[in-house]
S.K.: 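Structure below; questions to follow.
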Protein chains: 2
Amino acid sequence: MLAAMSRDTLTADQIVRAAIELLDGEGLDGLNMRSLGKRLGSAATAIYWHIKTKDDLVRLAGDAVWREVELPDLDGTDWRTAAAAMATGMHAMLTRHPWLGQAFGSHLLYGPGKARLDDHSLAIYEKAGFAAADADQAAGTVFVFVLGSALGPASQVSLTRRLGRNGADAERLLAETVSRAAEVAMEFPRLRERLGTAAAADYAMAPEGSFEFGLRAILDGFEARLAT
Amino acid sequence: MLAAMSRDTLTADQIVRAAIELLDGEGLDGLNMRSLGKRLGSAATAIYWHIKTKDDLVRLAGDAVWREVELPDLDGTDWRTAAAAMATGMHAMLTRHPWLGQAFGSHLLYGPGKARLDDHSLAIYEKAGFAAADADQAAGTVFVFVLGSALGPASQVSLTRRLGRNGADAERLLAETVSRAAEVAMEFPRLRERLGTAAAADYAMAPEGSFEFGLRAILDGFEARLAT
DNA sequence: CATGCGATTGAACTAAGTGCAATTGGAGGC
DNA sequence: GCCTCCAATTGCACTTAGTTCAATCGCATG
């Protein structure tokens with residue numbers, strides 16, 4: 001009975017993959033069982049034969065995307081290169097799947113996919129010379145920073161979707177929201193200084209290159225601590 | 001007509017305050033108009049006279065809690081003390097209101113409350129000696145880190161609520177979830193090493209003191225950059 | 001061809017956001 | 001003191017979405 005059924009039947013894997021596509025496009029709150037069913041060509045409730053609840057589906061999807069992150073080789077490179085590669089890989093993955101950041105705020109996502117990364121992170125920071133407890137915290141620091149960096153993009157996806165619900169032009173509404181934020185910022189001297197009338201709409205979005213800046217600061221900080 | 005109506009009437013402020021209480025207790029997805037109405041002693045739909053939508057309510061609540069953060073004095077202290085005080089204050093606030101981290105993943109929360117903090121952050125990092133663009137990114141780095149640190153606690157609140165929905169014992173279910181995570185972790189050598197059988201349930205929760213560790217690393221990193 | 005069960009379906013229940021028409025109750029004009 | 005008006009509230013109802021369940025379907029096996 002290892003052979004596949006001939007009837008064109010759903011599999012958990014298929015469902016998770018389709019869910020990830022929906023999540024990528026619509027954000028965490030854009031995923032719903034009925035449209036997922038439609039995408040799969042089956043009734044929404046058919047999903048429940050394969051997956052217990054929507055929460056579970058999110059957990060599975062989350063765990064799956066963690067596996068997209070490549071683990072940098074530890075032999076032949078210094079720890080900092082490996083740490084940067086890993087953080088950058090995680091950041092790239094979260095850029096593809098910004099909903100994962102959201103999901104971390106509402107689900108406990110600690111499956112094998114994430115454990116695999118955690119384990120490798122520890123290896124990196126142990127190699128760097130951190131004691132066990134400190135390696136833990138160093139890995140946690142980078143993780144939290146990377147996750148936090150994804151929240152902005154995630155909120156943009158989510159908000160756009162919600163704005164477009166009643167058939168309205170989401171792009172325009174989003175632009176309005178952003179420019180209202182810029183107006184508020186104009187009341188504060190240092191923020192105003194940065195919002196040249198031209199780029200006024202760029203407040204409320206992370207400045208270009210801020211991930212690299214932050215990552216570098218963190219790794220510099222680790223080096224400083226290791227040097228003492 | 002400045003005098004208050006005599007009829008015991010709702011105000012936006014009152015609603016926002018009640019919403020914050022609900023959010024603190026139940027998380028972002030625990031807030032709903034019907035229970036909010038109940039807490040206010042009025043029909044759920046009465047809220048809509050004062051507040052446009054639930055999204056708007058969340059925005060208002062978010063902006064309100066930002067104002068709880070005290071702005072450290074900049075005269076008479078070095079920038080690092082001020083930066084640490086501010087980050088710690090934000091962290092404390094997010095510990096009281098973990099849902100704010102969640103909200104940042106789904107709403108654009110850029111009102112005056114946050115602008116006030118952003119402006120002061122910039123002042124701190126300019127005082128430190130960063131050029132304008134770099135001060136921006138330094139502030140962003142700390143912000144993202146602090147926000148990310150709040151996601152874990154937020155997910156715990158949210159998940160607990162969802163688990164307890166069908167009348168089940170949420171505490172027990174949460175404990176089961178966590179210990180399942182620990183089991184997964186046991187398959188990875190470095191994670192296993194940390195999960196002495198005793199503290200096995202502590203994986204999936206940030207280790208004690210990890211916020212301080214990370215903050216120190218970031219500020220050390222800033223100092224390193226400033227020294228070059 | 002009959003049977004059994006893995007898999008699917010559609011109806012239906014529930015929770016929650018929100019629009020709307022009807023109603024209430026106090027304040028100001030007479 | 002009564003009437004009128006309108007800010008504020010209410011209950012109803014519609015919609016979307018998660019989930020349950022009984023009925024059914026269709027392949028694999030006997």
S.K.: When the distance from CG of B:L10 to P of C:dT24 is rounded to whole Å, what number comes out?
M.R.: 19 Å

S.K.: Which pairs of donor and acceptor atoms, one on a side chain in residues 30-39 of chain B, lie under 3.5 Å apart (sequence neighbours left out)?
M.R.:
{"unit_1": "B:N32", "atom_1": "OD1", "unit_2": "B:R34", "atom_2": "N", "d": "3.1"}
{"unit_1": "B:N32", "atom_1": "OD1", "unit_2": "B:S35", "atom_2": "N", "d": "2.9"}
{"unit_1": "B:N32", "atom_1": "OD1", "unit_2": "B:S35", "atom_2": "OG", "d": "3.0"}
{"unit_1": "B:N32", "atom_1": "ND2", "unit_2": "B:S35", "atom_2": "OG", "d": "3.0"}
{"unit_1": "B:S35", "atom_1": "OG", "unit_2": "B:N32", "atom_2": "O", "d": "3.3"}
{"unit_1": "B:R39", "atom_1": "NH1", "unit_2": "B:E21", "atom_2": "OE1", "d": "2.5"}

S.K.: Of the listed nucleotides (D:dT10, D:dT9, C:dA7), which one gets closest to any side-chain atom of B:W49?
M.R.: D:dT9

S.K.: Below 4.0 angstrom from OP1 or OP2 of D:dT9, is there any side-chain N or O of B:H50?
M.R.: yes

S.K.: Go through the side-chain N and O atoms of A:Q14 and A:H50 and say whether any donor and acceptor fall under 3.5 Å apart.
M.R.: no

S.K.: Could you state the atom-to-atom distance from CD1 of A:I15 to P of C:dA7 in whole Å?
M.R.: 11 Å

S.K.: Against the six-membered ring of A:F104, is A:K114 placed for a cation-pi contact (under 6.0 Å from the centre, within 45° of the normal)?
M.R.: no

S.K.: Do NZ/NE/NH1/NH2 and the carboxylate oxygens of A:R17 and A:D13 come within less than 4.0 Å?
M.R.: yes

S.K.: Does OP1 or OP2 of C:dT8 have a side-chain N or O of A:T9 closer than 4.0 Å?
M.R.: yes

S.K.: Could you check whether A:E187 pairs with A:R192 (Lys NZ or Arg NE/NH1/NH2 to Asp/Glu carboxylate O, under 4.0 Å)?
M.R.: no

S.K.: Between atom CD1 in B:I47 and atom P in D:dT10, what is the gap in whole Å?
M.R.: 10 Å

S.K.: Using a cut-off of 4.0 Å between protein heavy atoms and nucleotide atoms, how would you tag nucleotides 14-22 of chain D 5' to 3' with B, S and -?
M.R.: --SBBBB--

S.K.: Mind jotting down which residue pairs meet the side-chain hydrogen bond (donor to acceptor under 3.5 Å, both in side chains) criterion with at least one end in residues 40-49 of chain B? Sequence neighbours excluded, please.
M.R.: none

